[in-house]
Amino acid sequence: MEISPADRQKYSSIFQSQSPQNGKISGSQAKGVFMQSGLALPQLGEIWNLCDIDKDGCMDLDEFTLALHFIFSTLNGSIRQLPSTLPPQLVPPSKSSYFPRSFPLPTKSLSPFTTHSFSLQASCFYTYF
């Protein structure tokens, strides 16, 4: 379930094409990319919840790379069922502080794949539909 260097480069190019601000893209930008996969909204929501590690409603390159890895792995059949938690071998070093050994990761996410509407007052300010 490792992410190959070639895939990392491909995902990085897609991320950069979204013109990240302060190293992040908004939930709506990521959603636009993820929706092109054709996966169902509930699946995309699960992927978002796994990959928005810091639960800020935005994606940095590490989170975006994980999300695309799960999307492409689901599409090509190498993942039949998404894991309920992020496998330790996929936790990016930049996000290891979000995985204390004795506490579970927060489950509340600011997923753009939900139907409620709210906004953030942060550098990733946007409104969900």
Side-chain angles (χ1 to χ4, degrees):
M1 190 187 268
E2 245 181 68
I3 305 171
S4 74
D7 284 345
R8 284 185 185 280
Q9 181 59 45
K10 178 172 60 173
Y11 303 156
S12 177
S13 294
I14 296 169
F15 181 80
Q16 294 304 323
S17 76
Q18 298 300 304
S19 303
Q21 300 296 309
N22 299 315
K24 295 186 176 205
I25 62 172
S26 70
S28 60
Q29 286 175 292
K31 181 179 181 178
V33 173
F34 300 166
M35 291 289 293
Q36 293 178 35
S37 71
L39 291 178
L41 284 178
Q43 273 186 300
L44 291 173
E46 284 181 58
I47 290 169
W48 181 275
N49 287 334
L50 276 173
C51 299
D52 183 16
I53 296 170
D54 54 16
K55 306 301 182 204
D56 67 351
C58 299
M59 291 259 150
D60 63 19
L61 178 58
D62 286 335
E63 293 168 325
F64 187 82
T65 297
L66 284 172
L68 286 184
H69 174 69
F70 282 117
I71 288 169
F72 282 107
S73 296
T74 299
L75 289 171
N76 71 25
S78 62
I79 293 178
R80 295 179 202 261
Q81 184 173 355
L82 292 167
S84 58
T85 60
L86 193 60
Q89 68 271 24
L90 290 178
V91 175
S94 68
K95 303 294 182 184
S96 62
S97 65
Y98 291 93
F99 292 88
R101 295 178 194 255
S102 59
F103 299 101
L105 205 105
T107 57
K108 185 156 182 127
S109 174
L110 302 175
S111 171
F113 297 97
T114 58
T115 57
H116 57 282
S117 179
F118 57 91
S119 62
L120 293 177
Q121 296 179 357
S123 61
C124 292
F125 181 84
Y126 52 92
T127 302
Y128 295 112
F129 59 96

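Computed from heavy atoms alone, side chains included, the values below leave out hydrogens, waters and symmetry copies.
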Tell me every residue that passes salt bridge (Lys or Arg N to Asp or Glu O under 4.0 Å) with Asp60, counting only those two or more places apart in sequence or in another chain.
Lys95
Asp54 and Tyr98, any side-chain heavy atoms less than 4.5 Å apart
yes
Quick test of your reading: applying ring pair (Phe, Tyr, Trp, His ring centres under 6.0 Å), list the pairs with at least one residue in residues 70-97, sequence neighbours left out, ordered by first then second residue.
Tyr11-Phe72
Smallest separation among heavy atoms of Ser19 and Gln29, with atom names
O-NE2, 4.3 Å
Are the side chain of Gln89 and the backbone of Glu2 linked by a donor-acceptor contact shorter than 3.5 Å?
no
Leu90 side chain reached by His69 side chain, heavy atoms, under 4.5 Å
yes
Mind checking the SG-CG spacing from Cys51 to Asp62? Nearest 0.5 Å is all I need.
11.0 Å
What is the distance from atom CG of Asp52 to atom CG of Leu66, rounded to the nearest 0.5 Å?
11.0 Å
Do Ile71 and Val33 have side-chain heavy atoms sitting under 4.5 Å apart?
no
Nearest non-hydrogen partners of Leu50 and Thr85, listed with the distance:
CD2-C, 3.5 Å
With sequence neighbours left out, write down each residue that passes side-chain hydrogen bond (donor to acceptor under 3.5 Å, both in side chains) with Ser12, or none if nothing qualifies.
none
What are the two closest heavy atoms between Pro92 and Ile53, and how far apart are they?
CD-CD1, 3.8 Å
Closest non-hydrogen atoms of Gly23 and Phe15, given as atom of the first, atom of the second and distance, are O-CZ, 3.6 Å
Distance check, rounded to the nearest 0.5 Å: Thr74 atom OG1 versus Glu46 atom CD?
9.0 Å
Tell me, please, which residues at least two apart from Ser84 pass side chain to side chain contact (heavy atoms under 4.5 Å, CB included).
none
Results of side chain to side chain contact (heavy atoms under 4.5 Å, CB included) for Ser96 - residues two or more places apart only:
none
List the residues meeting side chain to side chain contact (heavy atoms under 4.5 Å, CB included) with Ser78, not counting sequence neighbours, and say none if there are none.
Ser73, Asn76
Pairwise side-chain contact, Thr65 with Leu61, heavy-atom cut-off 4.5 Å (strictly under):
yes
Determine the minimum heavy-atom distance between Gly27 and Trp48, stating which atoms define it.
CA-CH2, 3.7 Å
With distance as the sole test, does Gln18 use its side chain to make a donor-acceptor pair with the main-chain N or O of Ile25 at under 3.5 Å?
no
Has Gln43 got a side-chain atom pairing as donor or acceptor with Leu82's backbone, closer than 3.5 angstrom?
no
State the CG-CD distance between Leu68 and Glu63, to the nearest 0.5 angstrom.
12.0 Å
